[in-house]
Amino acid sequence: MSTPPPPVPPAPGVAARLGAALPPRYVARRLAGTAVLLVVLSAAVFALLQLAPGDPARTLLGARGATPEALAEVRARHHLDQPVLVQYGHWLGDLLRLDLGTSIRTGESVASALGDRALLTCQLVGLGFATALLLGLPLGVLAAFRERRPTDRAVQGLGVVTLSTPAFASGLALIYVCALMLGWFPAYGAGEGGLDRLRHLVLPAVTLGLAVMAVLLKLTRAAVVRELARDHVTFARARGVGPRTVLFRYVLRGAAVPVTAGAALVLAYLLAGTVMVETVFALPGLGPLLVDSITFRDLPVVQAVALAVATLVCLANLAADLAQPLLDPRLRTPAPTPKAAR
Amino acid sequence: MAVSAPVPATPLLAVEGLRLAATASGTPVPLLDGVSLTVGRGESVAIVGESGSGKSLTMRAAMGLLPDGVEVTGGTVRLDGTDLGTLPPRERAALRGHRMSLLLQDPFTMLHPQLTCGRQIADGLRPGFAAPGGGRARRAAVRAEVVRRLAEVGLDAAVADRHPHELSGGMRQRVATAAALAGDPDLLIADEPTTALDAANRRAVLDLLGELRARRGMGLVLVTHDLRAAFSAGDRVHVLYAGQILEQGPATRLHTVPGHPYTAALLAAEPSLTERYAELPALPGSVPPPGSRGSGCPFADRCPHTAGLCRTTPLLATPVPGAPQDPPHLTACLRAAELGPGLAPVRRTVVERGGEEEGDPEPAPEQAALHLRGLHRVFRSPAGDHTALHEVDLTVRRGQIVALAGESGSGKTTLARIAAGLESADRGTCVVGGVPLTAGRRPTTAERRRLASRVQIVFQDPYSSLNPLRDVGATLREALTATRGRLPRAEADAEVARLLDQVRLPASYARRRPAALSGGERQRVAVARALAARPELLICDEAVAALDVSVQAQLLSLLGQLRDSEGFAVLFITHDLAVVRQLADRAVVMHRGRVVEQGPAARVLDRPEHPWTRRMLDGHLTP
Amino acid sequence: MTRVRRSRRPGRLLTAACATVLALLALAACFGTALLPGWDRQDLALGAAMPDATHWLGTDALGRDIAQLLVAGARSTLAGAALVALGAMVLGNALGLLAGYLGGRVDAVVHRLADLLLALPALLVTLVVAGIGGGGYALAVGVLVVLTSPGDIRLVRSAVREQRHLPYVEAAETLGLSRATVAVRHIWPNVLPVVVANTLLNFAGAVVSLSALSFLGLGVPPGAPDWGRLLADNRTLLYDNPSAALAPALLIVVAAVALNLLGDRLHEAFTDRGRS
């Protein structure tokens, strides 16, 4: 081979690559979209007050004596005599000052009622998500590589069973076996201090992880199966790219796009599961607070929890959206020839 | 360029008696029945075959990359004398890339969309190649090597940091070639490397492969369905049919003195760029599907020379009588000696049919089958505007066959879609069979109903041109009802039978689902569906491009005959200038949304005036 | 491309088993209360008891026979879920066809809406809306229908958009058929198998979701034989009669597994057909 050595241009730097990978215009558009979404969802949460049957003032007054004075006082405080849009404006204003109102049931401020419990819920969600990732991703990849063979069938079967098991049912089964029969872990409660807390959270986290694993498993398997059938994987194998590189750089990299795009779905399962798991394991997190507040029509608390969930949903979607162009360069720069022109 | 090297004692690649079977359904269905071939160092061997011949599977088997459900049931594959079948999978995988490599068909799917081109080339480099020492020095060495590899295939160093979607098809195929050769293999198998490319790129990629082979002294196997590509790029050619090799020999000999009726028939069915024939001798029928092949010659059912013994005697490759035997010229035809010179390419009558003369007066807009003036269309997208049609003028007279030639992206399909009412123009006049179409919007349902009897369209892909859930009869009856109103059942059935007969299909096909039809048969049904509307203009959008040569000839003949008997006009969209020569009265050449040249077909092809027409003619592969 | 299809027998057996389970459950849902007129007989003196010969699965705190309660509860558990799946199918297909075929602004609105609904945790939204709205079971089913439909909307919409430019669809258009005719007659039948498979999966999801709602105390009233409710009411009896809580849990799982497996099977069969 006698080609003269051509000049080698330097590889682009990290900053340049990041700038190219996340075009500011794209980021700005996504941020604006998220803001709009947040406004829509906050309006929906505010509308819960209108949804509750009966006079909103009575709803907000709760079980306390509905004297005309008390009602008038509530109406004045919540601007209930003004048009709905103005009410929403005031409500949003309070919200931005982090004034979430007071709980009808306990009379304490909603912010402090949430604060104690949010930490526990976050711990549980974090541990549950980690469990789901550790189980779901490798099993999904394994099943895809053994597509339609016994291993795949077994893994898929496991996925179907966990998908079909409500978190409260698997939680109950785990309590019965691991706590009552074997006595390995405590059945109920949140525990005190770091290690004790962790010991108390093992069973709940596993329960939650199992419920969410199935979704991740399904997403991952489908994505990897699709990826394995692609020409570029065959081509990589045919030109001698090592199996490890093929797996991590070619197959998984391609599969990462649809899996992260499904993050919203995973979050939905995670949040729904948390409520049930906390109820079953008698954990004083946000879940039981929400259920109790709904039962007692404690609207400010329900609205606060709903808002927290809505914010989380928006942020997760934003994160997934921002991850897409990082993972897939085709989304960064418009193609030179539009597809419409054939 | 190197003349074919003599085959050394141990050839680089030796496939012997290879048998493959599909094992998916439990009972194995044979796909490949005893295929043998050799490839020497520095030699270029073409394997040519129609779809279903097993040509790609043969090479996948050689690479050890058979798809799930296909298994080797006999025979050996040797690389430099080593039997690859006996190697453990790990050792076999280690050969890939470094001893033998495979280049696939589609440059748009072969490269990973999320990795830079440089990365993908670097991944195939031999592991021990870079200087020891870590990190920065190693990375710089790899990068320098990648840039060198890009230069080898004629690409700029900047391509290393590009992602595949930022490059054109031809450039991607070059990047893929560099990636396939990154491990410096002794043997490169190229599986239909030109099929997805435009004519101009086709020749360039074949030239590049030939150049690389000569420079590196590697063996090259070219797998293709394109006779022209096979004969222009292969030193030796193997003709594969229904899982068996029917003929093999030096390209020049096969081309001039074929030793097998199938090769002779394929050559005869190929339209020519320079001559128009009274008729393209088409092969009847299609390739027998796996599982329905008997013990004798698989070509017996379609062969004009079949004798009784042909159907029962297993194939055996024998030297063609009178042929020089180095390199050997072998045929599997029992009757080769007997037929002898009778096998020389079927003589085709050349006709001088001018069709239209230069300077014929233009018909009035409402008298023409299609009348376009100043047609303009821009596709807007965030990536930028794309002018698909730029002030296009075009007239198709009644009963005339006009060929619209151009590369992909030239705007020819957009034009066809506007004329068929499937797309709208931004401005300009479009009158189809006297029905004016309004620019700026798609036609309404009422307008489309009127348009239906003026224009019909046949698309490229035979596999999606029919609704998979409906049988042929239902498809045709729907077309009849839509354009002529509801007919009594008996009358509709008779009409369906008549339509099928027009496209030379038996009436019993009315009860078949598309899945039970071959590609050529589906295209015939698509033509029948169009004929049901009795259109004045039939648009064929690359209608024969996806078909095998023998089937393509059938359809071209059919279209010519139907035009003569029914009197409709045809707007035939194609990238293949030989098809233009064979079929068209008038030729229109498009480039980047503009009509660059138009005139009587013979004049445009013989005395092109526009440089782009000349470029297309130069890019045309000739054996 | 050809694919391995190893022996199909275990797969067929499993499919048959799923179908049998579903048939039995359907029977119980239709005729359960009629066959067991005394299903809600109480025996307060007995209370929660372990399984024995007369009470195969023991009794709950009110002394009711668990086995009979489970058979009688099939209707309330499955009927709502079936309603959710079918409602979502109708809504999703209608909107999906509309969006995919009309394109433009309608499509943009429907598409956005579907994306938004899909991102919401359906169970929590149902919990809050049904709980605050005070509509009980009916409202919960309604909310779940809306929140389950985006899956179908996306499925049908993308199928329509994919097929809209396929030659056979465009050929039907050049024949002068109206776009609605083309969509309903040519495009939709080709998506139908996937839609049916998806509806089975949605059914399974709804069984799980509705039982979760019952478990959290929403939906059906206390004491009703709904499986989720039984599980919630009896979970304190884990020491006295574990089967009072575990048996309904198991039934929920079995029903959902059968539906999920059948849906997956159907989906796979359809993609196989598309491949060959």
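Protein chains get the first letters and strands the later ones, always in sequence-line order, with residue 1 at the start of each.
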*Among B:I457, B:T445, B:V458, who wins on heavy-atom pairs under 4.5 Å with chain C?*
B:T445
*Just give me the residue among B:P468, B:A515, B:G421 that pairs up with chain C most often, heavy atom to heavy atom, under 4.5 Å.*
B:P468
*Tell me, side chain or backbone of B:R484 under 4.5 Å from chain C's heavy atoms, or both, or neither?*
neither
*Heavy-atom contacts under 4.5 Å, residues 529-538 of chain B to chain C*: B:R529, B:A533
Tabulate below the donor-acceptor pairs under 3.5 Å that side-chain atoms of residues 145-155 of chain C make, not counting sequence neighbours, or state none.
unit_1 : atom_1 : unit_2 : atom_2 : d
C:T148 : OG1    : C:L144 : O      : 2.5
C:S149 : OG     : C:V146 : O      : 2.8
C:D152 : OD1    : C:N198 : ND2    : 2.9
C:R154 : NE     : C:D115 : OD1    : 3.3
C:R154 : NH2    : C:D115 : OD1    : 2.9

*Working to the nearest 0.5 Å, report the span between NE2 of C:H186 and CD of B:E478.*
3.0 Å
*Could you please spell out the steps behind the side-chain contact (heavy atoms from CB on, under 4.5 Å) verdict for B:R448 and C:L177?*
CA-CA 8 Å; B:R448 278 192 287 117; C:L177 298 175; 5.7 Å; no
*CZ (B:R441) with more than 12 external heavy atoms under 6.0 Å*: yes
*May I have the step-by-step check of side-chain contact (heavy atoms from CB on, under 4.5 Å) for C:T174 and B:V455, ending in yes or no?*
CA-CA 8 Å; C:T174 56; B:V455 58; over 6 Å; no
*chain C: which of B:L466, B:T444, B:T483 shares the most heavy-atom pairs with it under 4.5 Å?*
B:L466
*For chain C, find which of B:P514, B:A452, B:S465, B:A482 contributes the most heavy-atom pairs closer than 4.5 angstrom.*
B:S465
*To the nearest 0.5 Å, how far apart are CD in B:E423 and NE2 in C:H165?*
7.5 Å
*Who among B:S453, B:A420, B:S464 has the most heavy-atom pairs with chain C under 4.5 Å?*
B:S464
*In terms of heavy-atom proximity below 4.5 Å to chain C, should B:R450 be classed as side chain, backbone, both, or neither?*
neither
*Please step through side-chain contact (heavy atoms from CB on, under 4.5 Å) for the pair B:L469 and C:N190, ending with a clear verdict.*
CA-CA 7 Å; B:L469 294 179; C:N190 281 300; 3.2 Å; yes
